[in-house]
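Okay, structure first, notes after.
Source: prediction; values computed, not measured. Each chain gets a letter, A, B and so on, in the order its sequence line appears, and its residues count up from 1.
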Amino acid sequence: MLVGITPTFNYFDLAQAHFILNPEYRHDVDTIVEEFLGYKLTPIPKGQTDLFGQQSDQELKTLGEKAEAILKLQPILQSKLKEVDVERPYVELDIPLIKVLAAMELEGVYLNVAFYKELEIEFTKQIEEIEAEVLKVSGDKINLRSPKQVGELLFEKLQLPVIRKTKTGYSTDAEVLSELVAMKLSPIPEFLLKYREIEKLLSTYVKALPLMVNPKTHKIHTHFQPSNAATGRLSSDNPNLQNIPVRTENGRKLRRGFIPSPGRVLLSADYSQVELRLLAHFSQDKNMLDAFKHDRDIHKQTAAEIFDVPLDQVTKEMRNSAKAINFGLMYGQTSFGLSQALHISQGEAKKYITNYFHKFSSVKSYLDSLKESAEQSGYAITLFGRKRFLPDIKSTNRQVKAMAERVAINSPIQGTAADIIKLAMINIQRKLKEENLQSKMILQVHDELIFDVVPDELDQMKRLVREQMEGAVSLTTVLKVEISSGNNWYDLK
DNA sequence: CCCAGCACGC
DNA sequence: GACGTACGTGCTGGGT
């Protein structure tokens with residue numbers, strides 16, 4: 001499509017078929033040929049991948065061999081899809097999504113480069129100020145980007161207490177630094193936290209993104225990878241537009257640089273609590289279904305249940321604890337993990353979890369059933385029949401088995417959410433064409449879609465997008481979508 | 001060139 | 001006694 005070739009027939013996609021068959025593997029032609037045909041392709045020499053340049057006879061032969069292999073593989077993989085009973089996600093989701101993703105990539109998104117240049121100056125100044133402050137206190141000049149040198153400064157020179165070690169030395173991550181800040185033994189840890197925040201923003205986003213603007217289109221064209229995440233999610237790279245900061249105010253500012261086409265506006269639509277709603281649907285837990293039915297604050301509702309207080313007596317701390325439990329549920333979190341997240345004792349965390357499962361007993365039995373079914377069948381499966389094979393679920397190594405059990409819990413939930421938004425994207429793209437709309441879908445961030453919208457179409461777009469996202473599937477719980485529009489990504493909140 | 005450590009998102 | 005929450009991408013430093 002990027003070179004002007006648009007397939008209009010029902011095409012076969014080798015990588016995607018292989019991804020559906022076994023999402024954890026690599027999906028390049030060479031690997032698949034070895035796996036299914038049992039021989040090795042002649043390697044294509046570096047720098048000879050330009051299909052439209054001059055080719056020597058040897059190069060043509062090598063390329064021909066590859067094309068022949070793909071042709072041979074098609075019927076083999078297609079019957080395998082049938083045999084493994086995974087045709088549905090292939091035919092209904094992943095194949096129709098390919099053209100949608102190509103259109104989104106080609107469309108791209110505008111970046112306000114001048115704004116990023118200003119941010120670069122501002123952040124660079126801050127970095128230099130922090131470097132000067134640290135130098136003032138510590139005496140010698142070190143590279144603050146080096147965890148090794150930072151560790152030596154904190155734990156040898158300054159003799160601060162070692163909180164945790166890594167494989168290679170002292171741990172200096174944000175959690176460690178925060179603990180050191182709380183001890184008030186030195187001003188340095190606080191400086192380091194600030195330094196890390198700003199340096200991350202500078203190196204990964206502020207300096208990097210302007211370099212990714214295409215000189216012809218003046219837009220950023222991310223690549224959506226449809227076969228990189230084992231749960232069926234998409235990933236985004238070159239650049240990754242699925243991890244643009246939002247948590248800190250400094251970081252969130254970067255979203256002001258993502259702007260609509262001239263004369264247009266951005267529109268975002270995100271699924272509210274989609275994974276917890278899926279958990280409610282799958283488990284059929286009365287308490288949870290009821291909370292969503294009345295569109296209550298799910299974390300507050302959970303807190304009221306586990307702390308056994310009326311809704312209006314739920315404190316911020318109680319809600320926060322409940323939120324951590326809800327979050328951890330879907331990942332198979334342990335009492336240790338929860339205790340770390342909430343800064344409480346492991347015994348206390350264990351009580352929270354026990355109490356949760358007492359009140360939400362169907363959730364407990366559902367999560368147990370996921371483990372049992374994975375052990376029995378050998379795979380985890382989504383609502384649309386996407387499978388993820390889990391051989392480790394039978395491991396005698398407890399740690400390995402425990403990891404597989406967490407995957408057995410998480411994959412059906414995360415994967416079903418991915419299936420649902422894929423279906424919504426396919427349907428939205430079809431509707432945009434049917435209704436002859438000029439607005440474009442440009443980004444997907446797992447539970448959120450972003451559109452570049454013609455102002456005259458705004459009301460129609462809001463209605464269409466909500467309808468397609470909320471109506472993608474019919475569940476015991478309703479799916480809820482939150483919509484907003486604005487003149488840049490920051491304002492979509 | 002690769003790995004470790006770290007940090008950003010959902 | 002160790003382990004300890006899913007899925008990703010990408011930066012820098014440091015050793016080979």
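Side-chain contact check for A/Arg277 and A/Thr477: no donor-acceptor pair (N or O, by modelled atom type) lies under 3.5 Å.
Note: CG (A/Asn143) to C1' (C/dT12) measures 8 Å, nearest angstrom. Atom CD of A/Glu131 is separated from atom C1' of C/dT12 by 14 Å (rounded to the nearest Å). Computed from coordinates, the A/Ile244 CD1 to B/dC8 P distance equals 13 Å when rounded to whole Å. Whole-Å rounding puts the A/Lys165 NZ to B/dA4 C1' distance at 16 Å. The CZ-C1' distance, from A/Phe327 to C/dC7, rounds to 11 Å in whole Å. Rounded to whole angstrom, the span from the CZ atom of A/Phe258 across to the P atom of B/dG9 amounts to 13 Å. For A/Lys167 and B/dC2, the NZ to C1' distance is 13 Å, given to the nearest whole Å. Distance A/Arg196 CZ to B/dA7 C1': 9 Å, rounded to the nearest Å.
Residue contacts shown for A/Arg388 are limited to sugar-phosphate atoms, with no base heavy atom under 4.0 Å away. At a threshold of 4.0 angstrom between heavy atoms, the contacts of A/Ala230 are confined to the sugar-phosphate backbone, with no base atom among them. Note on A/Ser236: only backbone sugar-phosphate atoms sit closer than 4.0 angstrom, heavy atoms only; bases stay farther off. Residue contacts shown for A/Gly328 are absent, as no nucleic acid heavy atom lies under 4.0 Å away. Residue contacts for A/Ser335: at a heavy-atom cut-off of 4.0 Å it reaches no nucleic acid atom on any strand shown.
When distances are taken from the side chain of A/Ala174 to each of C/dT5, B/dA7, C/dG4, the shortest belongs to B/dA7. When distances are taken from the side chain of A/Gln399 to each of C/dA6, C/dC3, C/dG10, the shortest belongs to C/dC3. For A/Asp173, taking side-chain heavy atoms from C-beta onward, the closest of the listed nucleotides B/dA7, C/dT5, C/dG10 is B/dA7. Side-chain proximity of A/Asn243 to C/dT9, C/dT5, B/dC10: nearest is C/dT9. Listed nucleotides C/dG8, C/dT12, C/dG10 differ in distance to A/Ser235; the shortest reach to its side chain belongs to C/dG8. Considering only the side chain of A/Met403, C/dA6 comes nearest among C/dA6, C/dG10, C/dG8. Each of C/dC7, C/dT12, C/dT5 was ranked by its minimum atom distance to the side chain of A/Ser203; first place goes to C/dT12. Side-chain atoms of A/Phe336 lie closest to C/dG4 of the nucleotides B/dG9, C/dA6, C/dG4. Distance from the side chain of A/Gln346 is smallest to C/dG4 among B/dG5, C/dG10, C/dG4. Distance from the side chain of A/Val246 is smallest to B/dC10 among B/dA7, B/dC10, C/dA6.
At the phosphate of C/dG14, OP1 or OP2 sits under 4.0 Å from a side-chain N or O atom of A/Ser146. Of the side-chain N and O atoms in A/Lys148, none sit less than 4.0 angstrom from OP1 or OP2 of C/dG13. For the OP1/OP2 pair of C/dT5 and a distance below 4.0 Å, the side-chain nitrogens and oxygens of A/Thr334 include at least one atom meeting the criterion. Phosphate proximity of B/dC10 to A/Arg233: absent, as no side-chain N or O sits under 4.0 Å from OP1 or OP2. The phosphate of C/dT5 has neither OP1 nor OP2 within less than 4.0 Å of any side-chain N or O from A/Arg406. Between B/dG5 and A/Thr166, a contact under 4.0 Å exists linking OP1 or OP2 to a side-chain N or O. OP1 and OP2 of B/dC8 both lie 4.0 Å or more from every side-chain N or O belonging to A/Thr204. Remark: A/Gln149 is in phosphate contact with C/dG14, judged by side-chain N or O atoms under 4.0 Å from OP1 or OP2. Under 4.0 angstrom from either OP1 or OP2 of B/dC6 there lies at least one side-chain N or O belonging to A/Thr172. Taking side-chain N and O atoms only, A/Asn228 has a distance below 4.0 Å to OP1 or OP2 of C/dT9.
The cationic atom of A/Arg388 (NZ for Lys, CZ for Arg) does not lie both less than 6.0 Å from the six-membered ring centre of A/Tyr379 and within 45° of the ring axis.
Atom C1' of B/dC2 sits at a distance of 26 Å from the matching atom of C/dA6, rounded to the whole Å. The same atom, P, is picked in C/dG4 and in B/dC6; the two are 16 Å apart, to the nearest Å. Comparing the P positions of B/dG5 and C/dC3 gives an interatomic distance of 14 Å, to the nearest angstrom.
In this structure, C/dA2 forms no base pair with any nucleotide, since neither Watson-Crick nor G-U wobble geometry is met with both distances under 3.5 Å. In this entry C/dG10 has B/dC6 as its Watson-Crick or G-U wobble partner, both defining distances falling under 3.5 Å.
For the pair A/Lys219 and A/Glu107, the salt-bridge criterion is met [side-chain N within less than 4.0 Å of a carboxylate O]. Salt-bridge annotation for A/Asp491 and A/Arg255: absent, with no side-chain N of the basic residue lying under 4.0 Å from a carboxylate O of the acidic one.
No more than 12 heavy atoms of other residues, nucleotides or ligands sit less than 6.0 Å from atom NZ of A/Lys125.
Not a single donor-acceptor pair, N or O on each side, falls under 3.5 Å between the base of C/dC3 and the side chain of A/Arg398.
No side-chain donor-acceptor contact under 3.5 Å links A/Lys387 to the backbone of A/Ala380. With hydrogens and angles ignored, the 3.5 Å screen pairs no side-chain donor or acceptor of A/Glu448 with any backbone N or O of A/Ser268.
Place A/Ala208 and A/Gln340 on DNA chain C by their nearest nucleotides, and A/Gln340 ends up nearer the 5' end.
Applying salt bridge (Lys or Arg N to Asp or Glu O under 4.0 Å) to A/Asp94 and the options A/Lys422, A/Lys99, A/Arg88 leaves one that passes, A/Lys422.
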